[in-house]
Amino acid sequence: MIYVIINTSDVSSINFSQVHETSASTLRYNIAGTKSIVKFTGSTPSLLSGKTQYNHSQILSILDDPDGEWRYVEEYD
């Protein structure tokens with residue numbers, strides 16, 4: 001599986017038959033709602049060509065960064 005971070009302005013251009021997600025609502029968005037992660041296998045979809053590609057462990061490091069823009073912090077009473 002290959003992961004690519006895109007700007008949300010590109011979401012409307014995704015050909016969902018070329019990626020693992022099925023619609024814009026199944027994408028993972030960052031906290032600010034400005035970026036999204038798209039997953040694919042095989043040939044790189046044209047929209048994602050030239051963008052940085054990550055493997056599973058690399059994307060997990062990005063998502064798990066406590067100072068990053070993807071982490072959701074839950075508050076407990």
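Quick note: residue numbers are just sequence positions, from 1. Remember, it's a predicted structure, so these values are computed and weren't measured experimentally.
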Residue pair Lys51 / Ile6, side-chain heavy-atom distance below 4.5 Å: yes
Looking at residues at least two apart in the chain, or sitting in another chain, which of them share a side chain to side chain contact (heavy atoms under 4.5 Å, CB included) with Thr41? Met1, His20
Heavy-atom nearest pair, Ser36 first then Leu27, reads OG-CB, 3.2 Å
Between Pro45 and Val19, which heavy-atom pair has the shortest distance, and what is it? CG-CG1, 4.2 Å
hydrophobic_cluster_shared for Val4 and Leu60, side chain cutoff 4.5 Å: no
Interatomic distance, OG@Ser46 vs CD@Gln18, rounded to 0.5 Å, equals 6.0 Å
Test item: side-chain donor near acceptor, Asp65 and Ser61, under 3.5 Å: no
For Asn55 and Ser57, indicate whether the former's side chain and the latter's backbone hold a donor-acceptor pair under 3.5 Å. yes
Worked check of side chain to side chain contact (heavy atoms under 4.5 Å, CB included) between Leu48 and Phe40: CA-CA 10 Å; Leu48 305 179; Phe40 71 94; 3.6 Å; yes
Gap separating the CG atom of Leu47 from the CG atom of Asn15, nearest 0.5 angstrom: 9.5 Å
Would you say that Ile5 contacts Val38 through its side chain, given a criterion of any heavy-atom pair below 4.5 Å between the two side chains? no
Search all heavy atoms of Tyr3 against all heavy atoms of Ile37 and return the closest pair with its distance. CD2-CG2, 4.0 Å
I'd like to know if the side chain of Asn30 reaches the main chain of Lys35, judged simply by a donor and an acceptor atom lying under 3.5 Å from each other, with no hydrogens or angles considered. yes
Compare all side-chain heavy atoms of Tyr54 with those of Ile62 and state whether any distance is below 4.5 angstrom. yes
Drop me the distance from Ile2's CD1 to Ile59's CD1, to the nearest 0.5 angstrom. 12.0 Å
Could you tell me if the side chain of Val11 sits less than 4.5 Å from the side chain of Tyr29, heavy atoms only? yes
Distance (rounded to the nearest 0.5 Å) between Leu63 CG and His56 NE2: 8.5 Å
Any donor-acceptor pair under 3.5 Å linking the side chain of Glu21 with the backbone of Phe16? no
Under 4.5 Å between any side-chain heavy atoms of Ile31 and Trp70, yes or no? no
